[in-house]
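Comments concern the structure below.
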Amino acid sequence: MTITSPHLGSSAGWTDARLLYALEEVVETELNRHLKVAKDWMPHEYVPWSDARNFPGLFEDGEAWDKEQSKVTEIGRIALVVNLLTEDNLPSYHHEIASLFGRDGAWGTWVHRWTAEEGRHGIVMRDYLLASRAVDPDKLEQFRMAHMSEGFESDNSHSMLHSVAYVSFQELATRISHRNTGHQSGDPVCDRMLARIATDENLHMVFYRNLLKAAFEIAPDLTMQAVRDVVVNFRMPGHGIPGFERAAAQMAIGEVYNLRIHHDDVLEPVLRFLKIMEIDGLGPEGQKAQEELGLFMGGLNAEALKFDEKLAARKARMAARAAG
């Protein structure tokens, strides 16, 4: 980086505006890298249109939805609805990052490119769900209206650094959720579609993760505090979906997304890449945040072990019932 600051290594003087300016060159580098490796793809090519038929409504030959029409498993159906409703809030996500990162320069180019790529995900998932009759279309639309009518504001909209830290983990969490949903869906077409989406989400994660690493180089104390806050208070963006708690519990049991996955496949890989516990030269607040982060991860792993035991016991009971 060519931009330096007299406040290097200190929390004093770092405002969102200063950080945006200081990281602009990194954003441009990461944007160019992203555009070289990202591949355009056509949502309509992943949808089984030949399976589609009319629903009741304007068409006299419309056929009402029935669960038996779907090739997707029950856990796949639950996870697909949660994943799609999360993608549906793209207008709110765009508004938030455009407000934080701006619409000009490399930051603005990234904001619009990211939004365009994410838009594909909602398009292809909804088309797949309706064409394959994987979910009740009436309930899906009712859920969408209820979820979007509530509006969305993330827990990190107050801070540019918190937002960068959050999406570094959240994009990976979304990738894992989509990929595991595909594996559990029971439909190879669904699995291929979600694998394509997961590839995009991984590239988005790499962009933000690399940006977060650069933030550690210029404002380590503030960045460490942001990572600590985000990891300790992490919530998926779909937490406002009607019935989310029940759906999340079912997805945890179904091994789409649970504490073990969150710890091992989302938090740990990003923290390991950042070498978070090896960063030195921190001030008192940065050191405190680093220590608290280490303690939290240890506690989370202990909770994940308890979850693992409960899940194993549940599987044993179900196997015993099936055998009996």
Side-chain angles (χ1 to χ4, degrees), residues 1-3 16-17 19-47 83-128 148 152-154 156-157 159-179 193-215 218 226 230 236-238 266 269-270 273:
M1 292 180 62
T2 58
I3 298 170
D16 277 2
L19 285 164
L20 288 167
Y21 183 64
L23 290 168
E24 177 91 20
E25 186 177 321
V26 180
V27 171
E28 184 173 4
T29 298
E30 288 303 314
L31 172 63
N32 290 335
R33 182 200 54 76
H34 176 83
L35 293 175
K36 286 180 181 178
V37 298
K39 295 181 180 179
D40 279 339
W41 54 280
M42 301 298 122
H44 58 267
E45 295 179 356
Y46 287 80
V47 179
N83 291 355
L84 174 56
L85 292 176
T86 299
E87 299 285 357
D88 275 333
N89 251 332
L90 182 60
S92 290
Y93 308 149
H94 172 83
H95 172 75
E96 189 161 294
I97 66 171
S99 298
L100 280 166
F101 300 156
R103 299 170 183 267
D104 301 318
W107 280 104
T109 302
W110 167 255
V111 166
H112 297 306
R113 174 72 190 199
W114 174 87
T115 302
E117 291 185 5
E118 288 287 346
R120 287 179 176 143
H121 304 168
I123 291 169
V124 71
M125 288 178 69
R126 175 166 281 100
D127 286 348
Y128 165 80
M148 293 191 70
F152 174 84
E153 182 178 0
S154 81
N156 305 287
S157 59
S159 159
M160 169 265 185
L161 269 183
H162 281 72
S163 294
V164 171
Y166 176 73
V167 289
S168 298
F169 296 103
Q170 181 266 321
E171 292 282 4
L172 182 52
T174 304
R175 171 206 163 192
I176 296 296
S177 181
H178 283 313
R179 200 69 192 92
M193 172 193 67
L194 291 176
R196 177 59 261 186
I197 293 174
T199 298
D200 281 0
E201 302 289 8
N202 193 62
L203 291 178
H204 297 164
M205 178 275 294
V206 170
F207 177 94
Y208 287 120
R209 183 197 64 185
N210 291 352
L211 189 57
L212 186 62
K213 183 178 181 181
I218 64 173
V230 164
M236 290 293 276
V266 177
V270 175
F273 173 85

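Computed from a prediction, not measured in an experiment: that's the story for all the values here.
Nearest heavy atoms, Pro237 versus Thr86: CG-CG2, 3.7 Å. Closest heavy-atom contact between Ala38 and Arg113: CB-NH2, 4.2 Å. Residue Leu100 comes nearest to Ser163 through the heavy atom pair CD1-OG, 3.0 Å, listed as atom of the first residue, atom of the second, then distance. The two residues Ala22 and Ile218 make their nearest non-hydrogen contact at CB-CD1, 3.7 Å. Taking each heavy atom of Ser159 and His162 in turn, the nearest pair found is OG-ND1, 2.9 Å. Nearest heavy atoms, Leu20 versus Phe101: CD2-CA, 3.9 Å.
Partners of His34 under the ring-ring contact (aromatic ring centres under 6.0 Å, His included) rule, at least two apart in sequence or in another chain, are Trp110, His204. Listed by chain and number, the residues in a salt bridge (Lys or Arg N to Asp or Glu O under 4.0 Å) with Asp127 amount to none (sequence neighbours excluded). Thr174 pairs by the side-chain hydrogen bond (donor to acceptor under 3.5 Å, both in side chains) definition with Gln170, not counting sequence neighbours. With sequence neighbours excluded, the residues satisfying side-chain hydrogen bond (donor to acceptor under 3.5 Å, both in side chains) with Ser177 are Asn83. The salt bridge (Lys or Arg N to Asp or Glu O under 4.0 Å) check on Glu96 picks up nothing, with sequence neighbours excluded. The side chain to side chain contact (heavy atoms under 4.5 Å, CB included) check on Ala173 picks up Phe234, Met236, Tyr257, Val266, with sequence neighbours excluded. Applying the side-chain hydrogen bond (donor to acceptor under 3.5 Å, both in side chains) rule to His94 yields the partners Thr115; only residues at least two apart in sequence or on another chain are considered. Not counting sequence neighbours, Glu118 has no partner by the salt bridge (Lys or Arg N to Asp or Glu O under 4.0 Å) test. Under the salt bridge (Lys or Arg N to Asp or Glu O under 4.0 Å) criterion, Arg209 pairs with no residue, sequence neighbours left out. Considering only residues two or more places apart in sequence or on other chains, Pro91 meets the side chain to side chain contact (heavy atoms under 4.5 Å, CB included) condition with Met148.
Between Asn156 atom CG and Leu161 atom CG the span is 11.0 Å, to the nearest 0.5 Å. Between atom CG of residue Asn89 and atom CG of residue Leu84 there is a gap of 11.0 Å, rounded to the nearest 0.5 Å. Here the straight-line distance linking atom CG of Leu85 with atom CZ of Arg126 works out to 7.5 Å at 0.5 Å rounding.
Looking at Tyr208 and Trp114, their side chains come closer than 4.5 Å, going by heavy atoms from C-beta outward. Considering only heavy atoms from C-beta on, Leu212 stays 4.5 Å or farther from Val167 through its side chain.
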Please list every donor-acceptor pair under 3.5 Å in which a side-chain atom of residues 193-203 meets a protein atom from a residue at least two apart or in another chain.
from: Arg196; atom 1: NH2; to: Asp200; atom 2: OD1; distance (Å): 2.9
from: Thr199; atom 1: OG1; to: Ala195; atom 2: O; distance (Å): 3.0
from: Asp200; atom 1: OD2; to: Trp41; atom 2: NE1; distance (Å): 3.1
from: Asp200; atom 1: OD2; to: His121; atom 2: NE2; distance (Å): 2.9
from: Glu201; atom 1: OE2; to: His121; atom 2: ND1; distance (Å): 3.2
from: Asn202; atom 1: OD1; to: Arg175; atom 2: NH1; distance (Å): 3.0

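The number of heavy-atom neighbours closer than 6.0 Å to CD of Glu28, taken from other residues, nucleotides and ligands shown, is 12 or below.
Remark: of the listed residues Leu23, Asn210, Leu211, Leu35, Asn210 is the sole one forming a side chain to side chain contact (heavy atoms under 4.5 Å, CB included) with Glu30.
For residues 98-107, no residue pair satisfies the side-chain hydrogen bond (donor to acceptor under 3.5 Å, both in side chains) rule, not counting sequence neighbours.
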